[in-house]
Protein chains: 2
Amino acid sequence: MHYINVLKNSILFYGIEPKDVNEMLSCLSSYIKEYKKDEIILSESEYVDKIGIIISGCARSIKNDVSGKTTIITLLNEGSYVGVLLAASKNRESPVSVQASDNTIVLYIPIDNVFRRCEKNCVRHEILTRNLFDGLSQKAMVLHDRNDCLIKSTLRDKIMTYLIRLSKEQNSAEFVLPLDRNGLSEYLNADRSALSRELSKMQKEGLINFTKNHFRLN
Amino acid sequence: MHYINVLKNSILFYGIEPKDVNEMLSCLSSYIKEYKKDEIILSESEYVDKIGIIISGCARSIKNDVSGKTTIITLLNEGSYVGVLLAASKNRESPVSVQASDNTIVLYIPIDNVFRRCEKNCVRHEILTRNLFDGLSQKAMVLHDRNDCLIKSTLRDKIMTYLIRLSKEQNSAEFVLPLDRNGLSEYLNADRSALSRELSKMQKEGLINFTKNHFRLN
DNA sequence: TAAATTTCGTTGCCCTGGCAACATAACTCC
DNA sequence: GGAGTTATGTTGCCAGGGCAACGAAATTTA
């Protein structure tokens, strides 16, 4: 089980002794499932009662809007959760589909088993629920952060909000932009060329400096 | 303790015998705090290690952007959580302030106590953590839903996304809009007059019908 | 019921930013 | 190194929608 290495570093099993992880997995009735590239891991409008963790491969959550256009919501990698947000709200159908971008292995844990505790391993269970809680709130924060950009009225404010956040995260007025221009434009829900135009303007006005993906706030 | 009535119907204590709630409250080392109208309940950039539940009064979460303009993020009522999202991510400072809109009473429960379980009441603790998880994911879904509107490129698509959601929630092509025009425009991050204009257009084109806050999708 | 206040629709003006088309780098493969 | 791709910047065009100002309903207060 080479994927133990992924799990013991995952946010779900963080703080749990690697040697205990195996035992817990069976205690939780977890199971794994494999998907081929492009296969659908989770369908829009499906109901979910288990949490998934990608132990190998990668995927993307996508969404089709009314007109049928596909939008990528999130990129999921090794260690990422699939459907945590949904697992809790059982009466809620999935707003997104998740599609494997590559051959992918997912570990599933029925959500009920995470909460139900067997007598013997109370402490580890406590860590587990707490970790799950952490992971969920992180996911929520990701949503919050994007909202924070999207609610700005001008493109410039969107950009600034994002850059300021990066600057804080990296603790410096100089920082690296983890997205390419196209990725950033999608994240901010803007046109790529308009983004480039605005970035150039902002640099001309001395607000920021950048070369390639290395930015600096002034 | 009249607020027991609020609590036993709250999402946190849902499914727990009202008679048990009192005992649990002391077991959890909960405590209450009162705030006067306009008083700050939670400050931006504060760190949080407890969850709050409004047991009387109401509040709003607000945010000051770079230019100092204040935006209302959420309205909080009796039974609403304060800072759940934050309580989990301890290393994360609050992105919003929460201000009492009225004289308000908040019940606090240290987050650690929610996870740490005393031997005697394991079952209730299990319900509690599950409820908390539910509540958190609901909050996340609220964020998701708003995102869903905001990422649309045109105002019309934003409106439609929102209306379709309402229609689904109310299980009918006819439904009531819970916001006034101004509220809707803020939610969709649009101009009120532009919103009115677009709604009128959509009605002229036969896409929707509405009188006052009663809408119908065609 | 009259006056005042709030809510909603309408419209003209004009700017932000989406779209398309093209130029330049930068990078990848033969 | 040349050809093909991909990432980024630039620019003209123009429409979507923000802004302001106004009028009409609707609701509240006196």
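The model shown is predicted, which means the values in this text are computed figures rather than measured ones. In what follows, chains carry the letters A, B, and so on, assigned in the order in which the sequence lines appear, proteins first and then strands, with residues in each chain numbered from 1. Only this structure's heavy atoms are used, side chains among them; waters, hydrogens and symmetry mates stay out.
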Listed once per pair and sorted, the salt bridge (Lys or Arg N to Asp or Glu O under 4.0 Å) pairs that draw on residues 170-189 of chain A, sequence neighbours left out: A/Glu174-A/Arg216

Rounded interatomic separation in angstrom, taking CG from A/Asp157 and C1' from D/dG18: 14 Å

Between C1' of C/dG17 and NZ of A/Lys158, the distance in whole Å: 10 Å

Interatomic distance where CZ belongs to B/Arg156 and P belongs to D/dG16 [whole Å]: 10 Å

Annotated protein contacts, base or backbone, on nucleotides 7-14 of chain D with a non-hydrogen cut-off under 4.0 Å, one of B, S, - each: -BBBBB--

Length of the CE-P vector between A/Met202 and C/dG17, whole Å: 11 Å

Which nucleotide in D/dG18, C/dG17, C/dG18 has an atom nearest any side-chain atom of A/Glu198: C/dG17

A/Leu155 CG - D/dG17 C1' separation (whole Å): 15 Å

Interatomic distance where CG belongs to B/Leu195 and P belongs to C/dT10 [whole Å]: 12 Å

Length of the CG-P vector between B/Asp191 and C/dT10, whole Å: 15 Å

Under 3.5 Å donor-acceptor, B/Thr104 side chain and B/Cys58 backbone: yes

A/Arg92 NZ/CZ over A/Tyr47 ring centroid, <6.0 Å and within 45° of normal: no

Ion pair check, B/Lys63 and A/Asp148, cut-off under 4.0 Å: yes

d(NZ, B/Lys152; P, C/dG18) in whole Å: 16 Å

Sole candidate of A/Ile73, A/Leu75, A/Ile41, A/Leu42 that passes side chain to side chain contact (heavy atoms under 4.5 Å, CB included) when paired with A/Ser61: A/Ile73

Mutual orientation of the aromatic rings belonging to B/Tyr108 and B/Tyr35 [parallel < 30°, tilted 30-60°, perpendicular > 60°]: perpendicular

